[in-house]
*Asks:* 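This is the structure I have questions about; it appears just below.
Within every chain, numbering begins at 1; the chains are lettered A, B, ... in the order of the sequence lines, protein sequences first and strands thereafter.
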Amino acid sequence: MRELSKAYEPKNYEDEIYKKWEESGLFNPDVCVAKGVTKKNAEPFSIVLPPPNVTGNLHMGHAVMLAIEDVMVRYHRMKGDRTLWVPGTDHAAIATQAKVEKLLMEKEGKTKYDLGRDEFLKRVEKFAKESQDTIINQCKKIGASLDWKRIAYTLDPERNLAVRTVFKKMYEDGLIYRGYRVINWSVKGQSTVSDDELVHVERPGKLYYFKYSKDFPITIATTRPETKLGDTAVAVNPKDKRYKKYIGKKFEIDIGAAGFIQITIISDESVDPEFGTGALGVTPAHSAVDFGMYQKQKAAGNDIGLIQVIGEDGKMTAAAGKYAGMSVLEAREKFVEYLRKNNLLEKEEDIVQNVGTSDRFGDVIEPLPKLQWFVGVEVSFEIGENKLGIKKGAKVTLKQLMQTVVKKKQIAIIPDHFEKTYFHWIDNLRDWCISRQIWFGHQVPVWYKDEKIWVDVEAPDEDGWTQDPDTLDTWFSSGLWTFSTLGYPNFKAKDLKNYHPTSVMETGYDILFFWVARMILMTTYVLGDIPFKTVYLHGLVRDEQGRKMSKSLGNVIDPLDMIAKYGTDATRLSLLAGNTPGNDMKLSEEKIAGFRNFTNKLWNISRFMLMNIDEPKIDVNIPKLKTMTDWWVLGRLHSIIKEVSKNIENFNFSMAGEQLRDFTWGDLADFYLESAKAEGDKSEILNYILNTILKLWHPYMPFVTETIWEEVYGKESMLMIEKFPVSDHQIIIKAITNGSEVDGVIRPLVFSINHAKANKGIDQVKKINILISAGKNENFLKKNIAVIKWLARLEKLEIVQKAEKPDNSLVVVEPWGEVFIDFIGAVDTVKEKTRLEKEIGEIKKYTRNLEIKLANKEFVKNAPKEIIKKEQDKLSDAQDKLNKLKEQLKNI
RNA sequence: GGCCACUUGGCUCAGUUGGUUAGAGCGUUGCAUUCACAUUGCAAAGGUCACUGGUUCGAAUCCAGUAGUGGCUACCA
């Protein structure tokens, strides 16, 4: 007989198991089809892995993502679907470059300029490669059944071709344009940053009220006086009576050391008359809003002018006169000093202001004008053939495409309230600045020569052209991810045909805008199709106190440490249990340890079952059943199969796991296996149950289940590709009939005994007398005497069948009869009395509710007959019980 | 400022179309222990489901309002 070791030691098995899976090639659906594991015409199920950044190690967030996706993938693979899970990594342009720059400085004291672009990029690539290897190994550690043959990288040649192809197409459709606009500039990073990469930080600031000069009639308010050197207009609300008379007037103002500025008074609806002085100094060069006003005026034929006073180095420009060369803060101080001295400063007010900082570089963003590449989200174009239900040739914008697919439910977002957030974001979306002044990334596929411009997939075949030095925002290539990984731009690629659109996009809600929205934008535009059918957004993993995990707080729980300590399965389970979509999850080491205990429990359950199985065989046929506990457990098992499948398919991963655990630990281990010990030969059914629960658990706990499977059924077989159990409704129905007495009789009996012992001041139960009153239960004891004996042994009881009620015994009334329990020691009558009174009170309340319900005409009229019947039965049962309890109370 | 979510025993959370007397796990307390498992078993204590009102025969669940917490977002200069 085979026997398992006493406790499960994950590290003795995990690596070997993963190697076995990987070497089988069965993570690849093509191999599954070739080997006959999956049918050729099976339903496709595909996920592309949200590519981790090549900046370092995997953290708990990645582990959650991998665990959830692996559950889906393994479930669908076992279900027989043609299942593909594509791995990949993201070059994460700015993040990676910044990291390498930092390392370069720390280790060699050099900057990227010391190395030059080519050499620096080589270093970054080397770093990225190493990082990618680490990530791949870590994904394997987590048990992710990714098809490594298809691994992609956002910056590899295939993806680069996709990027260039899409860029060209968008340029030709007029969706990508080059424009001189106010953009978000990071002085520290020396690059533009998109709107989404800004982090708004609240900080105390000062609102200064001042006049440009003594003769200027309007006081304005600002938090940034230094930018006022670049003002070219003052905007007021057209309805504001105070300033109406000035609208359209021009002033030439001596602004002290900075020279003269021209100020035009303009009107704009967006100016709030209540805020500050109701007049706004317009700085077209250093505020996106003001730039908007500038463009509006210009379009109306009124060029108010634009003066850039802050440079890309964060210092004042020559246009700032004697302030030139000063830092922004220095200039602010000096200029305020000037205003104060000349009695132009009227008031200083302390306020809290929101400043935009760069997510990556951490510095305060300086809005300034620059010639950049943009994706126009409101430019309309003619859409081609598409699967979106839009007529070919219709005029649409990217914004509209993004809205329509979610509105029409072609893409479902889970949880659905994120749809609102999504729409809100799109409503406020501005053109997307896609060019970055960093070196690492997809270089903009545009070439210049003199005044000429060349936009194409390949460089012009002629000397003298220079490529645009900028690179593309990393999300540009990420946006193509679902199809660039499947063969695009080759439209004939098999994968693209077979697996696109993908089934599910599973990712964190924090990148809904960055990434999910952009994939929708890119895919609807490029392919005229959706990128995925469902978006499942998971929450963030936080520490025990609900704080974000961060190195500086020292509260990071490293998934790999946990895997080393408690095993992968326990770690995965702890991330899946209690994790509901869109909600953050608190994680503690204790939780993981708890699931380690469960892993071991499953191991020992299997160990016990194996010891009682004569001849393990992979057999899906339901064996002959002998006792009602067999029927009962089979019925429970099939209900669980049904529930688990349903819940996985509905993305309720936590609930499916919980149900499985409750069944395995509560019903199977604590009850059925205990009774099985007493009932004797169970070889066949134990084999069947073991078989089934290993399959059910496999998506959640791949390693321990595969290990047990191998130990039980031999190394040749592989659980990973076994067929997921299918619940049989007939079995459930039959089991309810044949096994109901387990729930109705045996378990209440266990409960009664324990309850009597614990609650009534009894030292020890001596004897149990069972009187079965209902006729159909006459055979119950005969059939299940073994289980009763087991109970007796467990409780050290003596069983007397059909006895008379002895003196001093306690009577427990159950719907099926009465149990008399004899005790050594006295019954605490006071305690017992209060208990009975409490119970009677509760049952009274219960019966009253039932009576009200049955008295309700509408209920009687509308409810189905079976339900009314059921309710009536409940009522009569409750009344009977009530009477019996009352009698008991009298007897005390 | 706008929007969104959350509020259930000491802690972490379930609770899927409103329907038995609201459930787990951890923790606490008591009891057990040669048995597959101390990474165990059996039990107990602990909740007016944030608050107020409404709809309903019936509300943790639906509606309105209040309070608190968290998040996203923003062109109050």
Side-chain angles (χ1 to χ4, degrees), chain A residues 3-4 6-8 200 207 220-224 227-228 235 268 270-272 274-283 287-293 351 353-354 356 415 417-418 420-421 423-425 428 509-510 512-513 540 544 546 566 570 577-580 582-588 590-591 593-612 646-647 650 652 654-655 658 661-662 666 669-670 673-674 677 750-751 753-755 757-759 793-795 839 842-843 845-846 849-860 863 867 870-871 874 878:
Chain A
E3 202 175 322
L4 303 177
K6 229 174 165 187
Y8 174 60
H200 290 274
L207 189 60
I220 59 163
T222 183
T223 52
R224 298 201 56 189
T227 63
K228 300 291 106 181
D268 197 292
S270 67
V271 177
D272 177 3
E274 301 297 318
F275 186 83
T277 61
L280 161 68
V282 181
T283 326
S287 154
V289 184
D290 295 3
F291 185 78
M293 290 186 193
I351 57 155
Q353 64 167 350
N354 269 320
H417 68 253
F418 273 102
K420 283 183 195 161
T421 325
F423 288 129
H424 182 248
W425 178 80
N428 292 306
Y509 65 78
D510 52 330
L512 177 63
F513 306 139
L540 274 39
E544 285 169 272
Y566 302 106
N579 187 347
T580 46
N583 291 323
D584 292 352
M585 186 183 51
K586 291 177 193 173
L587 183 69
S588 62
E590 289 78 59
K591 187 176 177 187
F595 282 105
R596 184 265 323 265
N597 295 356
F598 177 72
T599 318
N600 190 56
K601 185 76 184 179
L602 183 65
W603 178 265
N604 272 293
I605 288 168
S606 308
R607 182 166 179 243
F608 172 77
M609 290 169 93
L610 185 55
M611 286 164 74
N612 289 281
K646 192 182 87 192
N647 279 322
N650 292 335
N652 292 324
S654 176
M655 183 162 289
E658 241 170 85
R661 192 202 52 199
D662 289 349
D670 294 341
L673 292 184
E674 290 301 335
K677 283 177 189 171
V750 175
F751 177 81
I753 293 168
N754 288 328
H755 192 257
K757 272 169 66 189
N759 255 9
R793 194 194 55 182
L794 208 66
E795 301 293 337
E839 198 171 329
E842 277 171 4
I843 292 184
K845 200 171 119 198
Y846 178 45
N849 284 339
L850 283 169
E851 277 164 4
I852 292 170
K853 186 175 185 175
L854 287 165
N856 176 12
K857 280 175 194 162
E858 273 189 44
F859 174 76
V860 176
I867 294 200
K870 222 166 124 188
E871 298 296 315
K874 277 184 206 164

*Asks:* Checking A/Asp272 side chain against A/Glu274 main chain: does a donor-acceptor pair fall under 3.5 Å?
*Replies:* yes
*Asks:* Between B/U8 and B/C49, how far apart are the P atoms? Round to whole Å, please.
*Replies:* 11 Å
*Asks:* With pairs defined as Watson-Crick or G-U wobble and both distances under 3.5 angstrom, please note down RNA chain B as a dot-bracket string, | for pairing with another strand.
*Replies:* (((((((..((((.....[...)))).(((((.......))))).....(((((..]....))))))))))))....
*Asks:* Base, sugar-phosphate or nothing for A/Ala577? Non-hydrogen atoms, less than 4.0 Å.
*Replies:* nothing
*Asks:* Could you walk me through whether A/Thr227 and A/Ser287 satisfy the side-chain contact (heavy atoms from CB on, under 4.5 Å) test, starting with their C-alpha distance in whole Å, then the side-chain angles of each, then the deciding distance to 0.1 Å, before giving a yes or no?
*Replies:* CA-CA 9 Å; A/Thr227 63; A/Ser287 154; over 6 Å; no
*Asks:* Evaluate the side-chain proximity of A/Lys591 to A/Met585: yes if any heavy-atom separation is below 4.5 Å, no if none is.
*Replies:* yes
*Asks:* Of all the choices, B/U39, B/C72, B/G41, which nucleotide is nearest to the side chain of A/Phe513 once you look at every atom?
*Replies:* B/C72
*Asks:* P atom, B/U55 versus B/A67: distance in rounded Å?
*Replies:* 23 Å
*Asks:* Closest approach of A/Ser654 and A/Ala577, non-hydrogen atoms and distance?
*Replies:* OG-C, 3.7 Å
*Asks:* Taking any heavy-atom pair under 4.0 Å as a contact, classify A/Ser606: base, sugar-phosphate, or nothing.
*Replies:* nothing
*Asks:* Kindly say whether A/Arg596 contributes a backbone atom to a donor-acceptor pair with the side chain of A/Asn600 at under 3.5 angstrom?
*Replies:* no
*Asks:* Between B/U56 and B/A24, how far apart are the two P atoms, rounded to whole Å?
*Replies:* 34 Å
*Asks:* Please compare A/Arg596 and A/Tyr509 by the position of their nearest nucleotide in RNA chain B and report the one closer to 5'.
*Replies:* A/Arg596
*Asks:* Would the base of B/C3 count as contacting A/Lys420 through its side chain, where contact means a donor and an acceptor less than 3.5 Å apart?
*Replies:* no
*Asks:* C1' atom, B/U48 versus B/U7: distance in rounded Å?
*Replies:* 16 Å
*Asks:* May I ask you to verify if any side-chain N or O of A/Lys601 is less than 4.0 angstrom from the OP1 or OP2 atom of B/G41?
*Replies:* yes
*Asks:* Side chains of A/Leu540 and A/Tyr509: closer than 4.5 Å at any heavy-atom pair?
*Replies:* yes
*Asks:* Kindly indicate whether the side chain of A/Arg224, heavy atoms from C-beta on, has any atom under 4.5 Å from the side chain of A/Thr283.
*Replies:* no
*Asks:* Hey, is the side chain of A/Thr421 poking within less than 4.0 Å of OP1 or OP2 on B/U73, counting only N and O atoms?
*Replies:* no
*Asks:* Mind calculating the distance between CG (A/Leu512) and C1' (B/C72) to the nearest angstrom?
*Replies:* 10 Å
*Asks:* Mind checking the P distance from B/A50 to B/U12? Whole angstroms is fine.
*Replies:* 15 Å
*Asks:* What distance, rounded to whole Å, do you find between the two P atoms, one in B/G2 and one in B/U66?
*Replies:* 12 Å
*Asks:* In whole Å, measure the gap between the P atoms of B/C63 and B/A5 for me.
*Replies:* 10 Å
*Asks:* Shortest non-hydrogen contact from A/Asp290 to A/Gly281?
*Replies:* OD2-O, 3.5 Å
*Asks:* In B/S/- notation, 5' to 3', how is nucleotides 7-12 of chain B contacted by protein heavy atoms closer than 4.0 Å?
*Replies:* -----S
*Asks:* For B/G15 and B/A60, measure between their C1' atoms and round to the nearest Å.
*Replies:* 8 Å
*Asks:* Counting side-chain heavy atoms from C-beta on, which of B/C37, B/G41, B/U73 comes nearest to A/Asp670?
*Replies:* B/G41
*Asks:* Taking only the side-chain heavy atoms of A/Glu658 (C-beta and beyond), determine which of B/C4, B/C37, B/A14 contains the nearest atom.
*Replies:* B/A14
*Asks:* I'd like a list of close polar pairs between nucleotides 75-77 of chain B and the protein, N/O only, cut-off under 3.5 Å.
*Replies:*
{"unit_1": "B/A77", "atom_1": "N6", "unit_2": "A/Asp272", "atom_2": "O", "d": "2.8"}
{"unit_1": "B/A77", "atom_1": "N6", "unit_2": "A/Phe275", "atom_2": "O", "d": "2.9"}
{"unit_1": "B/A77", "atom_1": "N1", "unit_2": "A/Asp272", "atom_2": "N", "d": "3.4"}

*Asks:* For A/Ile220 and A/Thr277, work out which heavy atoms get closest and say how close.
*Replies:* CA-OG1, 3.6 Å
*Asks:* Measure from the side chain of A/Asn597, starting at C-beta and using heavy atoms only, and say which of B/U39, B/C37, B/A5 lies closest.
*Replies:* B/U39
